[in-house]
Participant: 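So that we are looking at the same thing, I have put the structure below in structure tokens.
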Amino acid sequence: MSTTESTTARPGEAAWRPKVVALDIDGTLLRWVDGTGTPSEALSDKVRDAVRRAYDAGAHVVLSSGRSAHSMTGIADLIGIPDEGADRLWIVASNGAVVLRYPPVDVVHEETFDAREAVEKILAQRPNVLVAVENRGIGYRFNRPFPPGELGNGENLVAPVEEMVAGPVSRVIIRDPDATPEDFLALGRELGLHGIDYVVGYTAWLDLTPVGVSKASGLSYVCDQLDLEPADVLAIGDGRNDVEMLEWAGRGVAMGNAPDVVQAIADAVTAHVADDGAALELSRWF
């Protein structure tokens, strides 16, 4: 993959220009704080300006993240979209399990599942892991506090695991600060979590979601509402939870800081998040 493509045209379509711009947040729009697993909450001027150019040109900018809904709206505010009086933004949250419009927050689509058996299997193998379930629109419920900054600034409440997964949920987060991502990749393979999809992050962070639910499925819902196709979408991301989105989009671009497995499936690779790679890609089109 090249980070120095000279063309602004999609292969085979010289006049192609994205009508939808799907953007991951952490590691794509926001840089990671050195030495931590948490993102900065400050956008670079280059990235903000590039996203604004896409928006001002008429593209549908869709924030698409593993973050919960309540921790994504502030990023739209940082960018300064939508304009007053304009159509509300589409936001794909919780790795595609929740789709909302903003402002104000209006959840228009949600996928849920029964996570009890999967969580029980994981706890049997790793009884000391941290477990969290989104308390939509408010924050999270968790069995013990997560490392500072990892769950955002919502209202987080301590609760027993059995209570958290007693009913349908949109996503479960499993976290072990003492483990590695490779440990969690192996755990997922060993347990054979039938009926549930999972994705491992940069740290020992495991997201459990309903089967078939991903950022791609959430964006597909959005495109259906807009009467657009995957071919109309430019998607940019950096994590394993972006793979389906990048494969699904008309043009899927991996960040230079993405793991090899993510870069390998992308149509192109842009620069590292520390070098404003998202702005570089957007500048090819807007």
Side-chain angles (χ1 to χ4, degrees), residues 1 24-28 32-33 35-39 64-68 93-97 111 113-134 140 142-144 146-147 149-151 161 164-165 169-218 235-248 252-266 269 272-273:
M1 298 295 179
D24 173 52
I25 294 177
D26 304 314
T28 299
W32 297 106
V33 177
T36 74
T38 59
S64 182
S65 174
R67 287 187 177 209
S68 60
S94 300
N95 285 327
E111 299 278 359
F113 69 114
D114 183 348
R116 286 173 295 181
E117 182 178 353
V119 172
E120 287 171 1
K121 285 184 175 181
I122 291 169
L123 288 174
Q125 293 285 336
R126 291 182 173 268
N128 295 321
V129 295
L130 307 176
V131 182
V133 171
E134 183 178 349
Y140 288 92
F142 48 53
N143 60 341
R144 298 192 312 282
F146 277 53
E150 289 195 351
L151 292 181
V161 172
M164 288 191 282
V165 297
V169 297
S170 57
R171 179 178 60 150
V172 177
I173 299 169
I174 307 294
R175 178 76 166 96
D176 185 351
D178 297 322
T180 67
E182 291 71 28
D183 292 335
F184 269 26
L185 286 168
L187 177 64
R189 290 192 296 267
E190 291 167 9
L191 292 178
L193 301 175
H194 301 297
I196 291 176
D197 279 344
Y198 68 92
V199 64
V200 176
Y202 279 107
T203 58
W205 176 295
L206 181 71
D207 277 331
L208 304 179
T209 59
V211 163
V213 172
S214 67
K215 293 184 184 184
S217 67
I236 310 175
D238 74 305
R240 293 182 182 90
N241 61 337
D242 292 310
V243 166
E244 293 88 351
M245 174 177 78
L246 300 185
E247 290 180 320
W248 169 88
V253 178
M255 298 294 292
N257 47 288
D260 290 345
V261 66
V262 180
Q263 294 191 24
I265 59 85
V269 179
H272 195 285
V273 65

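Side-chain atoms are counted along with the backbone in the values below, which use heavy atoms only and exclude waters and symmetry mates.
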Participant: Under the side chain to side chain donor-acceptor pair (under 3.5 Å) rule, collect the residues that match up with Glu244, sequence neighbours excluded.
Facilitator: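 Listed in chain order: nothing, the list is empty.
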
Participant: Please name the pair of heavy atoms, one in Ser94 and one in Ser68, separated by the smallest distance, quoted to 0.1 Å.
Facilitator: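 That would be OG-CA, 3.9 Å.
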
Participant: Show the nearest heavy-atom pair for residues Arg171 and Thr209, with the distance to one decimal.
Facilitator: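 Smallest interatomic distance, heavy atoms only, reads CG-CG2, 4.2 Å.
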
Participant: Does Gln263 reach the main-chain N or O of Ala254 with its side chain, forming a donor-acceptor pair under 3.5 Å?
Facilitator: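 The answer is no, because no donor-acceptor pair under 3.5 Å joins these two groups.
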
Participant: Measuring only between side-chain heavy atoms, which start at C-beta, is Lys121 closer than 4.5 Å to Glu117?
Facilitator: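 They are in side-chain contact.
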
Participant: Can you name the closest pair of heavy atoms from Thr28 and Asp238 and give their distance?
Facilitator: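 Answer, listing the atom of Thr28 first, then Asp238: OG1-OD1, 3.3 Å.
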
Participant: Between Asn143 and Val131 (side chain of the first, backbone of the second, donor and acceptor by atom type, cut-off under 3.5 Å), is there such a pair?
Facilitator: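 Between the backbone of Val131 and the side chain of Asn143 there is a qualifying donor-acceptor contact (under 3.5 Å).
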
Participant: Looking at every heavy atom in both Ser217 and Gly96, which two are closest together, and how far apart are they?
Facilitator: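 Closest heavy-atom pair between Ser217 and Gly96: OG-O, 4.3 Å.
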
Participant: With rounding to the nearest 0.5 Å, note down the distance linking CD1 in Ile173 to CG in Asp207.
Facilitator: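 The CD1 atom of Ile173 sits 5.5 Å away from the CG atom of Asp207.
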
Participant: State the CG-OG distance between Asp242 and Ser214, to the nearest 0.5 angstrom.
Facilitator: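 Taking CG in Asp242 and OG in Ser214, the distance rounds to 10.0 Å.
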
Participant: Would you say Arg116 has more than 12 foreign heavy atoms packed within less than 6.0 Å of its CZ?
Facilitator: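 12 or below, so no.
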
Participant: Indicate yes or no: at least one non-hydrogen side-chain atom of Glu150 is less than 4.5 angstrom from one of Tyr140.
Facilitator: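 Result no, sub-4.5 Å side-chain heavy-atom pair not found.
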
Participant: Is a side-chain donor or acceptor of Asp183 paired with a backbone partner of Ala204 at a separation under 3.5 angstrom?
Facilitator: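 Judged by distance alone, no pair lies under 3.5 Å.
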
Participant: Before you tell me yes or no, could you show the steps for Phe113 and Val213 under side chain to side chain contact (heavy atoms under 4.5 Å, CB included), namely the whole-Å CA-CA distance, both residues' side-chain angles and the distance that decides it to 0.1 Å?
Facilitator: CA-CA 10 Å; Phe113 69 114; Val213 172; over 6 Å; no

Participant: Quick one: are Val172 and Ile122 in side-chain contact, heavy atoms under 4.5 Å?
Facilitator: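 No, their side chains stay 4.5 Å or more apart.
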
Participant: Distance check, rounded to the nearest 0.5 Å: Asp260 atom CG versus Ile265 atom CD1?
Facilitator: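 It is 12.0 Å, given to the nearest 0.5 Å.
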
Participant: Quick check: do Val169 and Met164 have side-chain heavy atoms less than 4.5 Å from each other?
Facilitator: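 Side chain of Val169 against side chain of Met164, heavy atoms only: no contact under 4.5 Å found.
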
Participant: Short question: side chain of Arg240, backbone of Pro259 - any donor-acceptor pair under 3.5 Å?
Facilitator: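 Answer holds: no.
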
Participant: Which heavy atom of Trp205 sits nearest to which heavy atom of Arg175, and what is that distance?
Facilitator: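 Closest pair (atom of Trp205, atom of Arg175, distance): CE3-CD, 3.5 Å.
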
Participant: Taking the side chain as every heavy atom from C-beta outward, state whether Asp24 and Lys215 have any pair of such atoms under 4.5 Å apart.
Facilitator: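 Yes; the side chains approach each other to less than 4.5 Å.
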
Participant: Just wondering, do Phe184 and Ile174 contact through their side chains at under 4.5 Å, heavy atoms?
Facilitator: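 Side chain of Ile174 against side chain of Phe184, heavy atoms only: contact under 4.5 Å found.
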
Participant: Might you point out which heavy atoms bring Leu151 and Phe142 nearest each other, and give the distance in Å?
Facilitator: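 Shortest heavy-atom contact: CD1-CD2, 3.6 Å.
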
Participant: For a 4.5 angstrom cut-off between non-hydrogen side-chain atoms, does Leu130 reach Pro147?
Facilitator: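 Yes; the side chains approach each other to less than 4.5 Å.
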
